**Student:** 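There's a structure below that I have some questions on.
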Amino acid sequence: MTPDKKVKILATLGPAVDGIEDIRELVEAGVNIFRLNFSHGDHADHAKRYQWIREVERQLNYPLGILMDLQGPKLRVGKFADGKVQLHRGQAFRLDLDATPGDERRVNLPHPEIIAALEAGMDLLLDDGKLRLRVVTKYSDAIDTTVLNGGELSDRKGVNVPQAVLDLSPLTTKDRRDLSFGLELGVDWVALSFVQRPQDIIEARALIGDKAFLMAKIEKPSAVEQLREIAELSDAIMVARGDLGVEVPAESVPQIQKNIITTCRQLGKPVVVATQMLESMRFSPAPTRAEVTDVANAVAEGADAVMLSAETASGEYPLEAVQMMSKIIRQVENGPDYQTQLDVSRPKAEATVSDAISCAIRRISNVLPVAVLVNYSESGASSLRAARERPKAPILNLTPNLQTARRLSVAWGIHSVVNDRLRQVDEVCSTALEIAQAQGMAERGDTLLITAGVPFGQPGSTNSLRIETLI
Ligand SMILES: Nc1ncnc2c1ncn2[C@@H]1O[C@H](COP(=O)(O)OP(=O)(O)OP(=O)(O)O)[C@@H](O)[C@H]1O
Ligand SMILES: CC(=O)C(=O)O
Ligand SMILES: [K+]
Ligand SMILES: [Mg+2]
């Protein structure tokens, strides 16, 4: 498969996509990495989807990423005697540790640690922010609130407490079980939900080791505040706008998204923009203009990847959603401003050999029409560093390591090919030319820039650059 866009698509799987054929269509339409959301479905479902993706990867000989998204400490109210109640503005409502079914006056909040963290004056947001309660009085086992925004509240709806830093591990018992299952299965990425502090990443990393890369989901205000440290400790970042838009005022999400993308680009960490991107395509084959503009803006801002959630997981038009996303991406990438915009916002090079080579590549690309940048990388680190520059030409990442190829599926502009017969620089050059041609990325007469760290087999950064013409 010849890559035809640089920005990647991350698609969530669910009941809407059923079988190997469906997955293959999505990949052919532009999906690079799939998300298994462990908030839904059971282990057997996830295992089945995992196997489908690997089968398509084999059929197309095209590395695909698989990301497991852990549920995290999503707080929920208990149940009601009648399944639901109506809450009205101004009324009193109690949340307590009593497990008996709730009514118009009270409901169970089975999380003593939230009750402990709450203080009078703080707000609780229920059901994705549709209802708002303000804490009036706090007891050891209950809180009394006033309803600020009323509405229907039904069983097990989510609770967000934006103002409190909760003493919760980002990994619940369910998460730990899911994590060992997912790692055993062989996922490439683990996404950590509701990260609150850098320490959360350190704890998750201790469990995951080097079995998978770690993506921190930014959906809490405290994570926004400590973004830089969190990003430094993570392998990638997701702008999880669903919960984020409840935890902070919705109108501040666009600015936060921009800041996160800028920080991630500086650090050379892939960044994914997620949630509600083509939301209306759950029930309609065509998106709204606003949604198209949202995807286009994320691309123009320099995101590595854009995500589809319910659109592909449970929507009626999963294939159309991916096709639409690909079209929007290509349109922006091929537009007159994209490269200029990326150049203006390009992070400063550091005083390292690999950044020096990246600068050289940029100068060369202004003189020669470079068709492909080929980089040989075992861990993928140097290809990610090259992608940080957002070069004009696509990056062909040659790696002996299938895991590296799968992990880089989320990164901007990188197309990986697994090849383990490279041992010397000359072989890299001839193999690079061969592979670039076979992948449809270059044709006779094209100029290729080839970078590698020599001597081979020694860890270290890229230190050589060759210019080759395909004859
Ligand atoms: N594996 C699945 N099985 C059934 N439904 C799913 C699945 N994945 C997603 N969905 C449906 O698509 C919707 C949106 O998907 P998404 O992955 O964004 O979930 P979510 O509920 O918002 O969870 P989270 O906050 O954990 O991301 C879900 O609310 C659910 O209705
Ligand atoms: C993806 C996700 O978890 C969110 O947007 O909240
Ligand atoms: K989740
Ligand atoms: Mg979320």
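Order of listing sets the numbers, starting from 1, for every ligand and every atom in it. We use all heavy atoms of the structure for the numbers below, so side chains are in, but hydrogens, waters and symmetry mates are not. Just so we're clear, the structure is a prediction, and the values are computed from it rather than from any experiment.
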**Student:** So if I count the atoms of ligand 1 from 1 in the order they appear, which ones are less than 4.0 Å from some heavy atom of Ala313?
**Tutor:** 8 (N), 9 (C), 10 (N)
**Student:** Would you check the N or O atoms of Ser39, main chain and side chain alike, for any that come under 3.5 Å of an N or O of ligand 1?
**Tutor:** yes
**Student:** Do Asp103 and Arg105 meet the salt-bridge criterion of a basic N to acidic O distance under 4.0 Å?
**Tutor:** yes
**Student:** Would Ile202 and Leu233 satisfy side-chain contact (heavy atoms from CB on, under 4.5 Å), going step by step from the backbone distance to the final call?
**Tutor:** CA-CA 7 Å; Ile202 295 170; Leu233 291 164; 4.0 Å; yes
**Student:** Given Ala240, Ala274, Gly72, which one has a non-hydrogen atom that is nearest to atom 4 (C) of ligand 2?
**Tutor:** Ala240
**Student:** Nearest non-hydrogen atom to atom 1 (C) of ligand 2 belongs to which of Thr275, Val246, Val273?
**Tutor:** Thr275
**Student:** Among all protein heavy atoms in this structure, tell me which lies nearest to atom 28 (C) of ligand 1, with the distance rounded to 0.1 Å.
**Tutor:** His40 NE2, 3.5 Å
**Student:** Is there a protein heavy atom less than 4.0 Å away from atom 22 (O) of ligand 1?
**Tutor:** no
**Student:** Starting from atom 12 (O) of ligand 1, locate the nearest protein heavy atom and write down its residue, its atom name and how far away it is, to 0.1 Å.
**Tutor:** Ser314 OG, 3.2 Å
**Student:** Among all protein heavy atoms, pick out the one at the shortest distance from atom 3 (O) of ligand 2; state its residue, atom name and that distance to 0.1 Å.
**Tutor:** Lys217 NZ, 2.8 Å
**Student:** Side chain or backbone of Arg49 under 4.0 Å from ligand 1, or both, or neither, by non-hydrogen atoms?
**Tutor:** side chain
**Student:** Give the atom numbers and elements of ligand 1 that come within less than 4.0 Å of a heavy atom of Ser309.
**Tutor:** 18 (O)
**Student:** Please determine whether Ala191 has a backbone or side-chain N, O or S atom lying under 3.4 Å from the K ion (ligand 3).
**Tutor:** no
**Student:** Measuring from Asn108:CG to Leu95:CG, what's the distance to the nearest 0.5 Å?
**Tutor:** 9.0 Å
**Student:** Would Asp69 count as a polar contact of ligand 1, with the cut-off being nitrogen or oxygen pairs under 3.5 Å?
**Tutor:** no
**Student:** Distance under 4.0 Å to a non-hydrogen atom of Pro15: what atoms of ligand 1 satisfy this?
**Tutor:** 2 (C), 3 (N), 4 (C), 5 (N)
**Student:** Heavy-atom contact under 4.0 Å between Asp45 and ligand 1?
**Tutor:** no
**Student:** Using distance alone, with no hydrogens and no angle criterion, decide if Gln86 and Glu104 have a side-chain donor and acceptor under 3.5 Å apart.
**Tutor:** no
**Student:** Do Arg385 and Ser358 have side-chain N/O donor and acceptor atoms under 3.5 Å apart?
**Tutor:** no
**Student:** Please confirm whether Lys74 comes under 4.0 Å of ligand 1, counting heavy atoms of the residue only.
**Tutor:** yes
**Student:** With Pro270, which of Ile237, Asp304, Asp235, Ile414 fulfils side chain to side chain contact (heavy atoms under 4.5 Å, CB included)?
**Tutor:** Asp304
**Student:** Please could you name the atoms of ligand 1 that Asp243 approaches to less than 4.0 Å, counting only its heavy atoms?
**Tutor:** 25 (O)
**Student:** Salt-bridge test for Arg388 and Asp355: reply yes if a basic N is under 4.0 Å from a carboxylate O, no otherwise.
**Tutor:** yes
**Student:** Report the residue from Asp69, Ile33, Ile66 that forms a side chain to side chain contact (heavy atoms under 4.5 Å, CB included) with Trp189.
**Tutor:** Ile33
**Student:** Quick one: which ligand 2 atoms are inside 4.0 Å of a heavy atom on Glu219?
**Tutor:** 2 (C), 3 (O), 4 (C), 6 (O)
**Student:** State the atoms of ligand 2, each with its element, that fall below the 4.0 Å cut-off from a heavy-atom position in Gly242.
**Tutor:** 4 (C), 5 (O), 6 (O)
**Student:** State, to the nearest 10 degrees, the angle whose vertex is the K ion (ligand 3) and whose arms point to OD1 of Asp69 and OG of Ser39.
**Tutor:** 160°
**Student:** For Gly242, state whether at least one heavy atom is located under 4.0 Å from any atom of ligand 1.
**Tutor:** no
**Student:** Quick one: which ligand 1 atoms are inside 4.0 Å of a heavy atom on Leu13?
**Tutor:** 1 (N), 8 (N)
**Student:** Are Arg330 and Glu333 ion-paired here, with the side-chain N under 4.0 Å from a carboxylate O?
**Tutor:** no
**Student:** For Arg134, run the side-chain hydrogen bond (donor to acceptor under 3.5 Å, both in side chains) check against Thr146, Asn149, Asp123 and tell me which one passes.
**Tutor:** Asp123
**Student:** Would you say His46 has any N or O atom under 3.5 Å from an N or O of ligand 1, going by distance alone?
**Tutor:** no
**Student:** With respect to Met215, which candidate in Val271, Val190, Val195, Val272 satisfies the side chain to side chain contact (heavy atoms under 4.5 Å, CB included) definition?
**Tutor:** Val272
**Student:** Against heavy atoms of Asp243, which atoms of ligand 2 measure under 4.0 Å?
**Tutor:** 4 (C), 5 (O), 6 (O)
**Student:** May I ask you to check if ligand 2 and Asp69 share an N or O to N or O distance below 3.5 Å?
**Tutor:** no
**Student:** For Arg35, which part has a heavy atom under 4.0 Å from ligand 1: side chain, backbone, both, or neither?
**Tutor:** side chain
